[in-house]
Visitor: 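Before anything else, here's the structure in question.
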Amino acid sequence: VTLELSILSMFFATVIGLLVAVGRVSRIKPLQWVLQTYVEIWRNVPLIVQLLLIYFTLPEIGLTLPAFWAGVLGLSLNLGAYLSEVFRAAIGSVDKGQRDAAVSIGMSRFTAFQRIVLPQALLIALPTLGGYFIALLKDCALVSFIAVNELLRNGTILISSTFRSMEIYIMVAMIYFVMSFISSRIVRWLEL
C-alpha cells in the first residue's frame with residue numbers, strides 16, 4: 001500500500017507541479033497570483049493537517065473520499081506545490097538563448113517550449129524529483145492517521161496484538177530503508 005500510495009501520489013504531484021510551474025512562468029498575472037497562493041498555502045501548512053482536513057472536513061461539505069484516495073489527494077497536492085517550484089526553477093535555468101534561437105528558425109513559442117525547454121528542464125529536475133520521491137515514501141506513514149492501512153499502521157496493529165514494539169518498529173524502519181535505498185539507486189541510474 002505504501003508503494004501504491006507513493007507511486008500514485010508522485011504521478012499526480014508531477015502533473016500538478018508541472019502545470020502549476022508552467023502557469024507561474026506564463027504572462028497571465030491573475031493565473032500567476034492564484035497559483036502562487038496555492039503554492040504558499042500547501043507548502044506552509046503541515047502535511048498532517050492537510051490530510052486531516054481532506055479526510056475529516058470534506059465530508060462536511062458533501063465530498064467523501066475513501067481514506068486511500070484522501071491520502072493520495074493530500075500527498076499529491078502537497079508534493080505538487082513543492083514540485084512546482086522545482087519545475088519552475090528548472091525551466092528558468094534553461095538558457096533563454098535556446099528558446100530565442102528556436103523562435104528565430106520559425107518555431108512557435110509553444111513548440112519551442114515543448115521541444116527545447118521542457119525536455120532540458122525535466123532532465124535538470126530529475127535528481128530533485130528522485131529526492132522528493134524518497135521523502136514521499138516516508139511521508140506516506142502520515143496517512144496512517146486517516147486510517148489507511150499502510151506499512152506503519154499495519155506495524156502498529158501488529159504491536160497491539162503481540163506487544164513486541166521494538167522488533168516490529170525496527171522491521172518497519174528496515175522496510176522503509178530498503179524501499180528508500182532501492183528508490184535512490186533507481187534515481188541514480190536514471191540520472192546516467
Side-chain angles (χ1 to χ4, degrees), residues 1-20 38-87 89 122 125-192:
V1 174
T2 300
L3 284 173
E4 196 174 1
L5 269 169
S6 298
I7 291 168
L8 283 170
S9 298
M10 188 67 183
F11 171 77
F12 291 124
T14 301
V15 171
I16 291 167
L18 195 53
L19 291 174
V20 170
Y38 154 74
V39 169
E40 291 302 325
I41 290 171
W42 285 91
R43 284 181 41 195
N44 293 307
V45 174
L47 176 57
I48 187 67
V49 175
Q50 295 168 7
L51 291 169
L52 293 171
L53 278 169
I54 289 169
Y55 187 67
F56 291 111
T57 62
L58 286 183
E60 292 180 18
I61 61 169
L63 185 60
T64 304
L65 295 172
F68 179 85
W69 289 105
V72 169
L73 178 62
L75 292 168
S76 299
L77 288 171
N78 179 273
L79 185 57
Y82 286 97
L83 294 185
S84 72
E85 292 296 286
V86 170
F87 288 128
L122 291 176
L126 184 61
T128 308
L129 291 176
Y132 274 113
F133 179 75
I134 292 165
L136 176 64
L137 268 171
K138 296 179 281 187
D139 285 346
C140 282
L142 294 174
V143 300
S144 65
F145 287 97
I146 60 170
V148 176
N149 285 331
E150 53 70 64
L151 180 59
L152 179 61
R153 182 169 172 87
N154 283 324
T156 305
I157 291 168
L158 191 56
I159 289 168
S160 68
S161 63
T162 65
F163 301 104
R164 300 182 72 172
S165 62
M166 185 169 72
E167 296 94 337
I168 293 171
Y169 281 138
I170 288 173
M171 184 57 68
V172 166
M174 289 172 55
I175 292 169
Y176 273 115
F177 173 79
V178 168
M179 288 190 303
S180 298
F181 184 79
I182 291 170
S183 298
S184 70
R185 293 302 170 246
I186 292 170
V187 170
R188 188 173 287 170
W189 176 76
L190 288 172
E191 289 175 16
L192 301 174

Visitor: For a 4.5 angstrom cut-off between non-hydrogen side-chain atoms, does Leu122 reach Leu126?
Guide: no

Visitor: Can you give me the closest heavy-atom contact between Ser84 and Ala81, atom names plus distance?
Guide: OG-O, 2.7 Å

Visitor: Can you name the residues that form a salt bridge (charged side-chain N to carboxylate O under 4.0 Å, His left out) with Arg185, not counting sequence neighbours?
Guide: none

Visitor: Name all residues meeting the salt bridge (charged side-chain N to carboxylate O under 4.0 Å, His left out) criterion together with Arg188; count only those two or more places apart in sequence or in a different chain, and write none if there are none.
Guide: none

Visitor: Hey, is the main chain of Leu151 close enough, under 3.5 Å, to the side chain of Thr2 for a donor-acceptor pair?
Guide: yes

Visitor: Say you draw a straight line from CD1 of Ile48 to OG of Ser144; how long is it, rounded to the nearest 0.5 Å?
Guide: 7.0 Å

Visitor: Give the ring-plane orientation class for Phe181 versus Phe177, where under 30° counts as parallel, over 60° as perpendicular and anything between as tilted.
Guide: parallel

Visitor: Tell me, with the steps shown, if Ser183 and Leu137 meet side chain to side chain contact (heavy atoms under 4.5 Å, CB included).
Guide: CA-CA 9 Å; Ser183 298; Leu137 268 171; 3.4 Å; yes

Visitor: Quickly, which of Leu129, Ile134, Thr128 forms a side-chain contact (heavy atoms from CB on, under 4.5 Å) with Tyr132? Name it, please.
Guide: Thr128

Visitor: Could you check whether any side-chain N or O of Tyr38 sits under 3.5 Å from a backbone N or O of Leu77, counting only pairs where one atom can act as donor and the other as acceptor?
Guide: yes

Visitor: Side chains of Leu136 and Ser9, heavy atoms from C-beta outward: is any pair under 4.5 Å?
Guide: yes

Visitor: Are more than 12 heavy atoms from other residues, nucleotides or ligands located less than 6.0 Å from atom CZ of Phe11?
Guide: no

Visitor: Quick check against the 3.5 Å criterion: does Glu150 have a side-chain atom that pairs as donor or acceptor with the backbone of Arg153?
Guide: yes

Visitor: Taking it one step at a time, do Asn154 and Leu158 satisfy side chain to side chain contact (heavy atoms under 4.5 Å, CB included)?
Guide: CA-CA 6 Å; Asn154 283 324; Leu158 191 56; over 6 Å; no

Visitor: May I ask you to test the Glu4-Val72 pair for a side-chain heavy-atom distance under 4.5 Å?
Guide: no

Visitor: Does Ser76 reach the main-chain N or O of Leu73 with its side chain, forming a donor-acceptor pair under 3.5 Å?
Guide: no

Visitor: Once you round to the nearest 0.5 Å, how far does CD1 of Ile170 lie from CD1 of Ile175?
Guide: 12.5 Å

Visitor: State whether the side chain of Asn78 and the backbone N or O of Gly74 hold a donor-acceptor pair below 3.5 Å, judged by distance alone.
Guide: no

Visitor: I need the minimum non-hydrogen distance between Pro59 and Thr64, along with the two atoms involved.
Guide: CB-OG1, 3.6 Å

Visitor: Rounded to the nearest 0.5 Å, how far apart are OG of Ser6 and CG of Leu75?
Guide: 7.5 Å

Visitor: Please walk me through it: do Phe87 and Thr14 pass side chain to side chain contact (heavy atoms under 4.5 Å, CB included)?
Guide: CA-CA 9 Å; Phe87 288 128; Thr14 301; 3.9 Å; yes

Visitor: Using modelled atom types and a 3.5 Å cut-off, is there a donor and acceptor pairing between side-chain atoms of Tyr55 and backbone atoms of Gly71?
Guide: no

Visitor: Could you walk me through whether Leu52 and Ile146 satisfy the side chain to side chain contact (heavy atoms under 4.5 Å, CB included) test, starting with their C-alpha distance in whole Å, then the side-chain angles of each, then the deciding distance to 0.1 Å, before giving a yes or no?
Guide: CA-CA 7 Å; Leu52 293 171; Ile146 60 170; 4.0 Å; yes

Visitor: Are side-chain heavy atoms of Ile61 and Thr57 found at a separation under 4.5 Å?
Guide: no

Visitor: Any heavy-atom pair between the side chains of Asn149 and Phe68 that's under 4.5 Å?
Guide: no

Visitor: How close do Phe12 and Trp69 get, heavy atom to heavy atom, and via which atoms?
Guide: CE1-CZ3, 4.4 Å

Visitor: So do the side chains of Ile159 and Tyr169 get within less than 4.5 Å of each other, counting heavy atoms only?
Guide: yes

Visitor: Could you tell me whether the side chain of Val143 reaches within less than 4.5 Å of the side chain of Leu51, counting heavy atoms only?
Guide: yes

Visitor: Any side-chain heavy atom of Trp42 sitting closer than 4.5 Å to one from Val20?
Guide: no

